[in-house]
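Chain letters run A, B, ... following the sequence lines, proteins first, then strands; residues in each count from 1. Predicted model only: the values in this text are computed from it and were never measured.
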2 protein chains.
Amino acid sequence: MKSHPKHEVPDQARRDDWQKSLRQRSGRVTRSRQSILELLRRELRPYTPQDIAAALAPKRCDLATIYRTLTRFEQLGLVQRVDLGDGRSRFEISENQPGGHHHHHLVCRQCSKIVEIDDCIPAELESRVARQHGFLEVTHRLEFFGLCPKCQRGV
Amino acid sequence: MKSHPKHEVPDQARRDDWQKSLRQRSGRVTRSRQSILELLRRELRPYTPQDIAAALAPKRCDLATIYRTLTRFEQLGLVQRVDLGDGRSRFEISENQPGGHHHHHLVCRQCSKIVEIDDCIPAELESRVARQHGFLEVTHRLEFFGLCPKCQRGV
DNA sequence: GTGGATGCAAAGTGTTTGCATGGAC
DNA sequence: GTCCATGCAAACACTTTGCATCCAC
């Protein structure tokens, strides 16, 4: 788990960046969109749309809006979808965004605790897979599952 | 893609194996269960419950039954769930079953073509992740995504 | 003022569950 | 004959969509 300073005041340069690219594609900078992106920038872990709704509770943001916003942000490359295999989507700040970085997850099979993992597969493995089958633009998804220390002790 | 002989007559020893362990847990060997397991043993690729229903069409097996059967088979270790991130479950013969083996998948982002991949992450990576975070019984899920040769040519 | 964003409700999709009937043993 | 498995329909959870209203620009 990496610690990080919780800047309540987001960096102005970054802020302008996404607002600009959103406007360029005839999108509008609304309060909901700002709140959602700020949340994901501040809390560097995967959030389900429901998590986001709960976190923004006082602002009462509709789930449909959250879904639409996340889809838009995904297209803009601001956030990325994380799939931990439990049938619900999660989103976190994109790895190519300021503050984001390429990583994977280790999930407790029992309590669903999520730990960020910075290790990765050898780059050579991915390129070999791509080459051997003639695929292009190959990416990978790697997640680990196990029993966390707490659950081992039957807590 | 590995080729394999399509024995229309399943090996009798194997057959008895699962039937025995099913009966031991007060389960019954029914026609539906036999058909489903035979299908997954014959066709070594991930099947959605809907795929299975279609493949068994003449036998008209209810989806609810297929779901229940697959869940049961999963618990027995006969089949394993494959998650390719499109929000639907797939099942294939378990890697510890005769005929099965540990592998991953390469999926075309456009046409969803699935290629089996026998490469894997270094065992040392998995054990390191487990050790560093104190997790036990750690397994991994690794899937590749890319653009297949056909879709590259805009077919 | 215009066109995109939002809230709300309805519709979709994949999956699970309740219950009466059917079938394995 | 006893229970478990099945089919059918209803219920569920997550997600998407239609539409009138709202608001960023």
Side-chain angles (χ1 to χ4, degrees), chain A residues 15-16 18-39 46-76 78-91 112, chain B residues 15-16 18-39 46-76 78-91 112:
Chain A
R15 185 161 207 159
D16 289 350
W18 73 270
Q19 297 192 355
K20 189 161 50 178
S21 70
L22 185 57
R23 288 205 184 89
Q24 280 174 351
R25 309 197 196 186
S26 60
R28 284 164 191 187
V29 177
T30 66
R31 206 171 57 109
S32 299
R33 291 179 175 180
Q34 295 187 61
S35 311
I36 293 173
L37 194 54
E38 269 171 29
L39 173 68
Y47 271 75
T48 63
Q50 291 75 4
D51 288 338
I52 295 177
L56 302 184
K59 292 169 189 157
R60 296 206 84 278
C61 188
D62 194 84
L63 258 183
T65 298
I66 296 178
Y67 276 106
R68 283 186 278 230
T69 298
L70 290 170
T71 302
R72 197 73 133 87
F73 281 177
E74 194 183 15
Q75 291 163 348
L76 291 171
L78 295 173
V79 305
Q80 63 195 12
R81 200 176 290 255
V82 178
D83 187 329
L84 300 182
D86 62 351
R88 62 191 63 189
S89 297
R90 284 163 221 269
F91 296 83
S112 298
Chain B
R15 184 163 206 156
D16 289 349
W18 72 271
Q19 298 192 354
K20 189 162 48 178
S21 69
L22 185 57
R23 289 204 184 88
Q24 280 174 352
R25 310 197 197 186
S26 60
R28 284 164 193 188
V29 178
T30 65
R31 206 172 55 111
S32 299
R33 293 179 172 178
Q34 295 186 62
S35 311
I36 294 174
L37 193 55
E38 266 170 30
L39 174 68
Y47 270 76
T48 64
Q50 291 76 5
D51 288 339
I52 294 176
L56 301 185
K59 292 169 189 158
R60 298 205 84 279
C61 187
D62 192 83
L63 258 184
T65 299
I66 296 178
Y67 276 106
R68 283 187 277 230
T69 298
L70 290 170
T71 302
R72 196 74 133 85
F73 281 177
E74 195 183 14
Q75 292 163 346
L76 291 172
L78 294 173
V79 306
Q80 62 194 15
R81 199 177 293 255
V82 178
D83 186 328
L84 300 181
D86 64 351
R88 65 191 62 193
S89 298
R90 283 162 221 270
F91 296 83
S112 298

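One N or O on the side chain of B:R33 and one on the backbone of B:R28 form a donor-acceptor pair closer than 3.5 Å.
To the nearest 0.5 angstrom, A:L76 atom CG is 11.0 Å from A:T71 atom OG1. Taken to the nearest 0.5 Å, the OH atom of A:Y47 stands 12.0 Å off from the CD1 atom of A:I66. Rounding to the nearest 0.5 Å gives a distance of 10.0 Å between CG of A:L22 and CG of A:L37. In this structure, OG1 on B:T48 lies 10.5 Å from CG on B:L84, to the nearest 0.5 angstrom. The CD1 atom of B:I36 sits 4.0 Å away from atom OG1 of B:T69, with the distance rounded to the nearest 0.5 Å. Interatomic distance, B:F91 CZ to B:L78 CG, rounded to the nearest 0.5 Å: 12.5 Å.
Within the structure, salt bridge (charged side-chain N to carboxylate O under 4.0 Å, His left out) pairs that include any residue of residues 60-72 of chain B do not occur (at least two apart or interchain).
Within 4.0 Å of B:T48, counting heavy atoms only, lies no atom of the nucleic acid at all. Backbone-only contact: A:S26 has heavy atoms under 4.0 Å from sugar-phosphate atoms and none from a base.
Phosphate proximity of D:dC3 to B:R28: absent, as no side-chain N or O sits under 4.0 Å from OP1 or OP2.
Summarising the geometry of A:V29 relative to A:Q34, their closest heavy-atom pair is CG1-NE2, 3.6 Å, with the distance given to 0.1 Å. Here the closest non-hydrogen pair linking A:S89 and A:P49 is O-CD, 3.3 Å. Between A:C61 and A:A53, the shortest heavy-atom contact is O-CB, 4.4 Å.
Close approach of DNA chain C to chain A, defined as any atom under 4.0 Å from a non-hydrogen atom of the protein, starts and stops at C:dG3 to C:dC8.
The rotation axes computed at either terminus of the helix from C:dG1-D:dC25 to C:dC25-D:dG1 lie 30° apart, taking five pairs at each end and rounding to 10 degrees.
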Walk me through whether B:T30 and B:T65 qualify under side chain to side chain contact (heavy atoms under 4.5 Å, CB included).
CA-CA 11 Å; B:T30 65; B:T65 299; over 6 Å; no
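DNA chain C is contacted by both B:T30 and A:T30; A:T30 maps to the nucleotide lying nearer its 5′ end (nearest heavy atom per residue). Comparing B:G27 and B:D62 by the nucleotide of DNA chain C whose heavy atom lies nearest to each, the residue mapping closer to the 5' end is B:D62.
If you measure from atom CD1 of B:I36 to atom P of D:dT6, you get 7 Å, rounded to the nearest angstrom. In this structure, CG of B:L22 is placed 7 Å from P of D:dA5, rounded to the nearest angstrom.
Residues from residues 81-90 of chain B lying near DNA chain C, meaning a heavy-atom separation below 4.0 Å, are B:G87, B:R88, B:S89 in numerical order. Heavy-atom distances under 4.0 Å link DNA chain D to B:A64, B:T65, B:R68, B:T69, B:R72 of residues 63-76 of chain B, given in residue order.
Partners of B:R88 according to the side-chain hydrogen bond (donor to acceptor under 3.5 Å, both in side chains) rule, which considers only residues two or more places apart in sequence or in another chain, do not exist here.
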